[in-house]
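The next block holds one structure in the form of structure tokens; read it before the comments.
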Amino acid sequence: MQRVTVPRSVLPVIGASMKSRLRSIYLAGQSAGNRAAVFSKVGDDLTATGAFMDDLGCRDETLGSYAALAPTIDYFRTVTFAASRTGAWCGTANAYSLRSAAADQGWTAARSLVPYSTAPADCPSPYNTPLRCELRRTRPAAALIMFGTYELQASADPASFRASLAQVVTDTINAGVIPVLSTIPPRRDNATYGARVAAYNDAIIALASAQQVPLWDYWLALNDPSMLNQGMDSDGFYPSVGGGSAAAFTTTGLRYGYNQRNLTAVQVLGHLKSVVYDDGPADSGGSSDAGAATDVIDASDVVDAPDVVDAVDVADAPDVVDAPDAPDVVDAGAADAGTAADSGATDDVSYTGSLRVLAGRSRQTLQVAGIARPMTVYLPSSRGSAPPLVMAFHGTSGDGNQVFDESGAQAMANNHGVVVIAPDSQWMSGGDWDHPSETGYWQTWPDVDPNHNVDLLLVRAIMVEAQRRFGVDPRRIYSIGHSNGAFFAQLVATQLPSRIAGYGSSSGGLVQCATTQSCHFQGRGTTCDALRTQPGWCSCSGPDKPGPVPTSGRIPPAYLAHGTADPMVSVQYTCALSDRMRAASATSLVVLRDGDGHVLPSTFASDAWAFLSTHRLP
């Protein structure tokens, strides 16, 4: 693997090529109604906190030797908003002190892309995600983006994070807004997470380089020798505040993390204004205000998000946000929909939009039941005239990119000519049997009616549209998923048995306990018979969840994989599903990973396909 040395500086280096790209985005946004003196904040609670810029919004800065920044600071205070849009101590709402719809506690990049279950009135589809809502509501010229701190807790591999962050960049550019990507600070509260920071920052740096957007290297600023505790508070998680205010830009104040972040944020904005907004000279080298270092990253990391809209496209169509090719409503007509795998009948599901025929990977949208539903679509360059379709469903609070990356779906698709579509769930305001409130998940029990459940309606629309646009074989349509996505893949198959040829489940199963967490059984072994004799085997009886598993009629064959030491979804649930299917003389293949936890193997899609490809509808 080739390694590339990348110069690092705290402030963005905006060379001639980047300037041209950013200027096109900026001018497109201005013609669409965006405001030069406004920026948005996008991220988690490290960004949503009042320590980030509120004191600047409230005119409580101490500039010390940085008096030259006063005009820049004042410029971004010139546009004010309703007081209801701020929680700052002074009550003044400007770009510094606005509460962003795209920044909140515990958020990941993927979370900012999940559609609202009930969108705010001023953010109708297709603006009904937190990020798109914020950009529509605030009309900024730039967005300061910092995600990654919470992703550290999910995985040592930042691939899915990088894909989600790439979509954040895409949505931001499509709104005519310049995305400024920030590296994340150290994690001193947990050694495991702290060790992952470098890899995640490399992913951020690589994406900024690949997409020619500004990089603000906050991590580098915090690792200056003058900083106290790397700029982190005593809890090791949040940056620190010192000098009497987070906007104290004094020698003492700038040894603290938020003070350094606020100073460098102003410098970033000033540099962006000077070079891009005001059409000043591009940088020929490192920024004079920035510290410098070098970093080594994988060359492969810089190839990312190939479908990000080019700046020239933004200038031509500044209001397009993942717009479908056709606005027509696709309905019951056989001429539009083709033949659905339901005893030769067409499916009467209604939806708006059309999937584009784009080789490789793309993010696309259909509107189903009045809701814009984003999805990751992959069309292998080599595929037959009637290829099979695999629908892949992510776990809780994930997205289509995540399950696509983590399951090895691309390799499977390329090796076997399979079309893969991985939609995003909705963000749900309430909980269910599998979740607490305020998480992203698939709708399952008790609403399992394919004519009412909005996620089953989405699946029906995907199947019709994939046949119409990609010519997929209606006899070879499959569902796979992990965790909550495994439960939903199972529901899809059991509720649409005449349309789904088979399904694959990773860390799912049949739940008859009141909630998923009602059973905590973990064991050792590779068969359900070996596990059921071990201590802790649960005794539950109740309704089938995620939905009823038939005991007669056609039951789609299933590939069932699970780790025996899964602490989140007990392996007992997969064994219960296997028992039910065996009692009904249905076909299943159970693969138990002895001692493994709640993980999605990188070979899951290929392993499942080896089983599923042997099954098709009559």
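Bear in mind that the values here come from a model prediction, so they are computed numbers and not experimental data.
We find the OG1-OH distance between Thr587 and Tyr559 to be 15.5 Å, quoted to the nearest 0.5 Å.
Thr516 places a side-chain heavy atom less than 4.5 Å from the side chain of Tyr573. Counting heavy atoms from C-beta on, the side chains of Pro548 and Val448 come closer than 4.5 Å. Under the 4.5 Å side-chain criterion, counting only non-hydrogen atoms from C-beta, Leu113 is not in contact with Pro374. Put simply, the side chain of Leu165 reaches to within 4.5 Å of the side chain of Phe147, judged on heavy atoms. Here the side chains of Glu465 and Ile421 are not in contact, with every heavy-atom distance at 4.5 Å or above. In this structure, the side chains of Met463 and Ile500 come closer than 4.5 Å at one or more pairs of heavy atoms.
Aromatic ring orientation, Phe404 versus Tyr378: tilted (interplanar angle from 30° to 60°).
Side-chain atoms of Asp44 and Gln105 include no donor-acceptor pair closer than 3.5 Å.
For the pair Asp104 and Arg111, the salt-bridge criterion is not met [side-chain N within less than 4.0 Å of a carboxylate O]. Residues Arg460 and Asp348 are paired through a salt bridge, judged by an N-O separation under 4.0 Å between the basic side chain and the carboxylate.
Under the 6.0 Å cut-off for aromatic ring centres, Trp609 and Tyr478 qualify, their centroids lying closer than that.
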